[in-house]
Amino acid sequence: GHAVIPGLHNCHLHSGLLRGTAESLSLWDWLRTYVDPAHPENPALPTLRTEEMMLNMGPQHPAMHGIIRIETVLEALLVEEGLRADFEPFELPEPELEGRADLRDLVAFTIDPETAKDFDDAISVRAEGDGLCAWVHIADVSWFVPAGSPLDRGAADRANSVYVPGLVAPMLPHELSDDACSLRPYVDRLCMTVEIPPAGEASFYRSVIRSDERFTYGQVERILQGAEQHELAGELRLAERVATELRRRRFERGALRVESKEIAFVFGDGGVERAYWETEAHAHMLVEELMIFANEAVAALLADRRREA
């Protein structure tokens with residue numbers, strides 16, 4: 001099989017991005033990421049060989065051959081799709097804690113892929129009486145991006161961040177996505193919190209938290225299997241209990257279960273070292289079920305108040 005990236009026209013690699021070349025080169029028509037002597041429909045199209053990363057610029061530039069990093073190709077794709085445009089002007093306000101629930105003494109942690117660049121949600125779980133209380137903390141972007149501001153309108157147009165292997169085009173400026181709105185460990189962060197009691201209705205409020213750990217899915221998997229020790233292992237197991245029960249209830253209600261594989265890439269020396277199918281780790285459930293419950297609770301609240309969303 002093969003993969004073709006169509007529509008990559010007139011995208012320029014500036015000086016220094018292409019090894020051994022001092023000029024700005026144009027990527028001609030399509031870039032392909034598999035080894036094949038020629039495009040099956042049009043042998044004149046250039047070929048990108050991932051093993052050697054040799055870029056043939058085609059008949060337009062017959063003398064221009066070079067070694068190009070796969071990261072550069074992916075960056076060029078983001079540029080070509082208009083995803084590297086400047087953000088709208090904005091001012092970063094100072095965080096204010098007045099009126100917020102202070103949850104900095106509550107153990108909280110994030111669980112994300114190893115390559116994650118930002119951490120926009122965290123969870124907490126604590127035994128209370130005969131049950132477990134859980135908290136889902138979402139970075140309070142609304143504090144930093146006022147409704148109706150130029151940045152708010154621009155973010156609405158972008159709708160989401162865009163990921164390609166190893167790179168991201170964020171919906172918000174890096175000052176927000178990677179810092180002020182990223183729930184990095186050991187720093188105070190403003191959040192919107194959904195509190196899930198052992199019984200009764202969920203509650204919603206603004207809060208300030210201080211994450212205690214940035215976990216990866218693989219790390220959580222090892223801790224839950226007993227292959228790795230961690231001081232928050234007890235909290236992870238409580239989260240596992242809550243998530244397992246939430247999943248059981250969800251499927252009892254007739255939830256559709258969709259499981260699909262994702263392809264993951266490992267880069268090295270400017271090329272693709274290997275590609276493999278990534279299956280859903282058990283650790284994904286800890287975040288997934290709590291996030292689904294929080295989203296359902298918020299949706300129910302908005303529906304009750306007849307608010308558009």
Would L77 and L167 satisfy side-chain contact (heavy atoms from CB on, under 4.5 Å), going step by step from the backbone distance to the final call? CA-CA 11 Å; L77 178 61; L167 294 172; over 6 Å; no
Are there more than 12 heavy atoms of other residues, nucleotides or ligands under 6.0 Å from atom CD of E252?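 Check passes, neighbour count above 12.
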More than 12 foreign heavy atoms under 6.0 Å from CG of D130: is that the case here?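 Counting other residues, nucleotides and ligands, CG of D130 stays at 12 neighbours or fewer.
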Taking every non-hydrogen atom, the tightest pair across [X] and [Y]:
X: P170; Y: R84; value: CD-NH1, 4.0 Å
X: L83; Y: A169; value: O-CB, 3.6 Å
X: P173; Y: F90; value: CG-CE2, 3.5 Å
X: V136; Y: L290; value: CG2-O, 3.7 Å
X: V242; Y: A134; value: CG1-CB, 4.3 Å
X: H137; Y: S124; value: NE2-OG, 2.9 Å

When rounded to the nearest 0.5 angstrom, what distance separates [atom1] in [X] from [atom2] in [Y]?
X: E221; Y: L236; atom1: CD; atom2: CG; answer: 11.0 Å
X: H230; Y: L224; atom1: NE2; atom2: CG; answer: 12.0 Å
X: D212; Y: E235; atom1: CG; atom2: CD; answer: 8.5 Å
X: F267; Y: L74; atom1: CZ; atom2: CG; answer: 5.0 Å
X: E289; Y: R247; atom1: CD; atom2: CZ; answer: 4.5 Å
X: Y186; Y: E213; atom1: OH; atom2: CD; answer: 4.5 Å

Show the atom names and distances, to 0.1 Å, of all donor-acceptor pairs under 3.5 Å that link a side chain in residues 291-306 to residues at least two apart or in another chain.
{"unit_1": "N295", "atom_1": "ND2", "unit_2": "M291", "atom_2": "O", "d": "2.7"}
{"unit_1": "E296", "atom_1": "OE1", "unit_2": "R253", "atom_2": "NH2", "d": "3.4"}
{"unit_1": "E296", "atom_1": "OE2", "unit_2": "R253", "atom_2": "NH2", "d": "3.0"}

Set of side-chain hydrogen bond (donor to acceptor under 3.5 Å, both in side chains) partners for [X], sequence neighbours left out:
X: S203; result: none
X: E128; result: R126
X: E228; result: Q219, R222
X: T110; result: none

So which residues get pulled into I209's cluster when ILVMFWY side chains under 4.5 Å apart are joined, directly or through others?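 Cluster partners of I209: L103, L106, W135, L183, Y205.
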Cationic tip of R206 within the cone over W143's six-membered ring, i.e. under 6.0 Å and within 45° of the normal?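 Ring-cation test returns no.
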For residues 185-202, which residue pairs pass the salt bridge (charged side-chain N to carboxylate O under 4.0 Å, His left out) check, not counting sequence neighbours?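 Found R104-D188, D179-R189, D188-R210.
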Can you list every salt bridge (charged side-chain N to carboxylate O under 4.0 Å, His left out) pair that touches residues 115-124, not counting sequence neighbours?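 Qualifying pairs: none.
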Where at least one partner belongs to residues 160-177, residue pairs that pass side-chain hydrogen bond (donor to acceptor under 3.5 Å, both in side chains), sequence neighbours excluded: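 Counting only pairs at least two positions apart or across chains, the side-chain hydrogen bond (donor to acceptor under 3.5 Å, both in side chains) contacts touching residues 160-177 are H174-D178.
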Residue pairs involving residues 236-246 (criterion side-chain hydrogen bond (donor to acceptor under 3.5 Å, both in side chains); sequence neighbours excluded):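 Every side-chain hydrogen bond (donor to acceptor under 3.5 Å, both in side chains) pair that includes a residue of residues 236-246, provided the two are not neighbours, is E240-H282, E245-R248, E245-R249.
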Can you list the residues that meet the ring-ring contact (aromatic ring centres under 6.0 Å, His included) rule with Y217, with sequence neighbours excluded?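 ring-ring contact (aromatic ring centres under 6.0 Å, His included) list for Y217, sorted by chain: H284.
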Set of residues satisfying ring-ring contact (aromatic ring centres under 6.0 Å, His included) with respect to F109, sequence neighbours excluded: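 For F109 the ring-ring contact (aromatic ring centres under 6.0 Å, His included) partners, ignoring immediate neighbours, are F215.
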Is it possible for you to say whether [X] and [Y] belong to one hydrophobic cluster, with membership spreading through side-chain heavy-atom contacts below 4.5 Å?
X: L232; Y: V287; value: yes
X: L97; Y: V141; value: yes
X: V194; Y: F119; value: no
X: V73; Y: V164; value: yes
X: V162; Y: I70; value: yes

What verdict does the side-chain contact (heavy atoms from CB on, under 4.5 Å) test give for L190 and F144, after you've listed the backbone C-alpha separation in whole Å, the side-chain angles of each residue and the deciding distance to 0.1 Å? CA-CA 10 Å; L190 306 185; F144 299 98; 4.2 Å; yes
Between W277 and I263, is the side-chain contact (heavy atoms from CB on, under 4.5 Å) condition met? List the steps. CA-CA 5 Å; W277 290 111; I263 191 167; 4.0 Å; yes
Output, in order, the C-alpha distance, side-chain angles, deciding distance and verdict of side-chain contact (heavy atoms from CB on, under 4.5 Å) for R153 and E88. CA-CA 9 Å; R153 294 194 298 270; E88 299 75 17; over 6 Å; no
